[in-house]
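Below is one structure, written out as structure tokens; comments come after it.
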There are 2 protein chains.
Amino acid sequence: MAYVTIRDVARRAGISVSTVSRALNETGRISPQTKAAVERAVEELHYIPDSRAKAMRSLSTRTVGLLVPDIRNGYFADLAYAIQDTLFNAGYCTFIGTSSESATRQDAFITSILSQRIDGAIIVPQGEQSDALRLLLGTKLPVVFVDRQAKGLGGVPVVDSNPEPGLAAALHDIQRRGFARVGYVSGPVLDSPSLQERESVFRVIAAGIFGEENVFVESTSFERASCESVLRRMHGSGVDALIFGYSPDAVSAVSLLADSAVRIGRDISIVSFDDLELFRLTSPQISVISQQVQEIGQRGAQLFLDMLAGETQAASQRVDTVYAPRASVGKA
Amino acid sequence: MAYVTIRDVARRAGISVSTVSRALNETGRISPQTKAAVERAVEELHYIPDSRAKAMRSLSTRTVGLLVPDIRNGYFADLAYAIQDTLFNAGYCTFIGTSSESATRQDAFITSILSQRIDGAIIVPQGEQSDALRLLLGTKLPVVFVDRQAKGLGGVPVVDSNPEPGLAAALHDIQRRGFARVGYVSGPVLDSPSLQERESVFRVIAAGIFGEENVFVESTSFERASCESVLRRMHGSGVDALIFGYSPDAVSAVSLLADSAVRIGRDISIVSFDDLELFRLTSPQISVISQQVQEIGQRGAQLFLDMLAGETQAASQRVDTVYAPRASVGKA
DNA sequence: CTGAAAGCGCTTACAG
DNA sequence: CTGAAAGCGCTTACAG
């Protein structure tokens, strides 16, 4: 209400609107005095250009949409932070939305930002059957997927993490410490390509090292009880070194174990994906396979900016996972 | 690029642009056939109205700015989530920005969203000497502060938490368990009104219960080492029940103590502000004074929406803190 | 019930 | 170097 407009500035500076526009955007030549007058008027009036009006003529709104499943999850909070920060430093405002792992909410958010005429979007995709996502992709606006890809949407560049290096390092560490069998807890979310890839990469590497008969894989549902029974079954199979593909499961396991007689790092060895703060605060600290989420966020945002700038045909990137051994892995 | 416009819809439906606009906004009367034709055209063309163009005529852009210090902090992530969610359900898109506790970044973000012609903003304020904040307030747009107030900016409604009930309950619990002296670790951020209030409320209540001579207060700097020396000094003063006003300090303390011989809940009793997930996962679990951040977020957003709707002169609200006793508080 | 016209705050050819 | 005019995609009186 009562925003000051370019017309007010023009009036104050005693010149035309078009000249003010040119002075502000430093397009074309303007005399020093004019420029000075404009600057003074802008200063005095606290003029802030209306970027929406600007956008109507000149395309770019300098806004981008960012969709993550849930910022309350520390991993996505870190990711969102890195992206938002990179974008802001490049002069873009970011609309944030959360999908709560639901395609419906994803669609609602995408439709909203489309109506805001975003310059593009960075998305952690939810499933493949999303109308709005299709629509977004149809606009030819720059879009990049981060953290995971969406099946069937192959044309979109994605920045995600490569589970292989971290998993290999963890498994070799486990072997070196004398363990003969190894288990993998794969988490509940079965339609996440990233989670699926982790599991299959685990199977391949682990079988190579320990032999197929010494490799155990179990999945959990969302309840804590299911995590408990998985732990019990693993133990029953004589597995005392476990890798968690889905960090919330590891969190549950750590808290379950804290109340039991089983001591982590002695009776059972544990490695989890995701370098959560929490894993550095427990006693013993939990070994992790870090996805380097900040790196993923920055690279994703940078890739997006490159696409915006029209540079090259953007290519997907993978960030190597890194294994950080800590006291939660003991000796067999 | 190549967005479909209302003109395309009009052409397709074989009617005028103004009629399409009316049909879409359900303003004025339109014949059923016309309406049907419009709907069909919208469907076929995948028309999404340009809310910026819309905003140029009708004021509201249906966007709001949200500024928090850092979403990587679990507390602010929860807060941002609650706000974003409430706003989205009311049909608003939210621009998110992080200030990293810096007034400069706060100003940059506010200027950006102002240029996006937001309908208003919800802010966790940083200090009082912010030009852009002044400017924002000067526009008369609805603004609400959440989590804390800003000194000198009294006119803005704020939704924050009331430390009193939680602190009182915690202190009574500590007394009931036989402790004779109590300590308070106040955190490093001295210009946060909320933190200051916590400390002073603590002093008053604690002095009332234990007597002034049995009440100890220390502050920390950001380093871990400072937390360690505070713990040592407290111990030296014979204090074995501690309340942390700033949860990151409590996190440091928990991890420091995990590596020492001092056992939480036996040798030392601990209560921390903020109901972080982490505090439920340690062993023993840490007693907390919860700020009910989700409630703060929802109420803040609701208050904002009320202001937007022009209802009444909005009044500040306080959400009571709640004490959750857990095993980290033992017996004297 | 519907259409033509003006205007929101800008930018950008087009003249001068 | 500067100004008048058109137009970006909408909405909203104003006529009919």
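In what follows, chains are A, B, ... by sequence order, proteins preceding strands, each numbered from 1.
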Scan residues 54-70 of chain A for pairs that pass salt bridge (Lys or Arg N to Asp or Glu O under 4.0 Å), counting only residues two or more places apart or in two chains.
A:D70-A:R72

Evaluate the criterion side-chain contact (heavy atoms from CB on, under 4.5 Å) for residue pair A:Y47 and A:I6; output intermediate values, then yes/no.
CA-CA 8 Å; A:Y47 171 65; A:I6 198 176; 3.7 Å; yes

Rounding to a whole Å, what distance do you find between B:L24:CG and D:dT11:P?
7 Å

Paired stretches of DNA chain C - 3 or more consecutive Watson-Crick or G-U pairs, each distance under 3.5 Å
C:1-3 with D:14-16, C:5-12 with D:5-12, C:14-16 with D:1-3

Do A:Y92 and A:L308 pass the side-chain contact (heavy atoms from CB on, under 4.5 Å) test, and can you show the C-alpha distance, the side-chain angles, and the key distance before you say yes or no?
CA-CA 11 Å; A:Y92 289 84; A:L308 227 36; 3.5 Å; yes

Less than 4.0 Å between a side-chain N and a carboxylate O, is that true for A:K35 and A:E26?
yes

Would one find a side-chain N or O of A:S21 under 4.0 angstrom from OP1 or OP2 of C:dT11?
yes

State whether A:D8 and A:R11 are salt-bridged, where the test is any N-O pair (Lys NZ or Arg NE/NH1/NH2 against Asp/Glu carboxylate O) under 4.0 Å.
yes

For residues B:Q106 and B:S99, is any side-chain donor paired with an opposing acceptor at under 3.5 Å?
no

Should the pair B:R12-B:E39 be classified as a salt bridge under the 4.0 Å nitrogen-to-oxygen rule?
no

Electrostatic pair A:R40-A:E44, nearest N-O below 4.0 angstrom:
no

What string of B, S and - do you get for nucleotides 2-9 of chain D 5' to 3' if you count protein non-hydrogen atoms under 4.0 Å?
BBB-BBBB

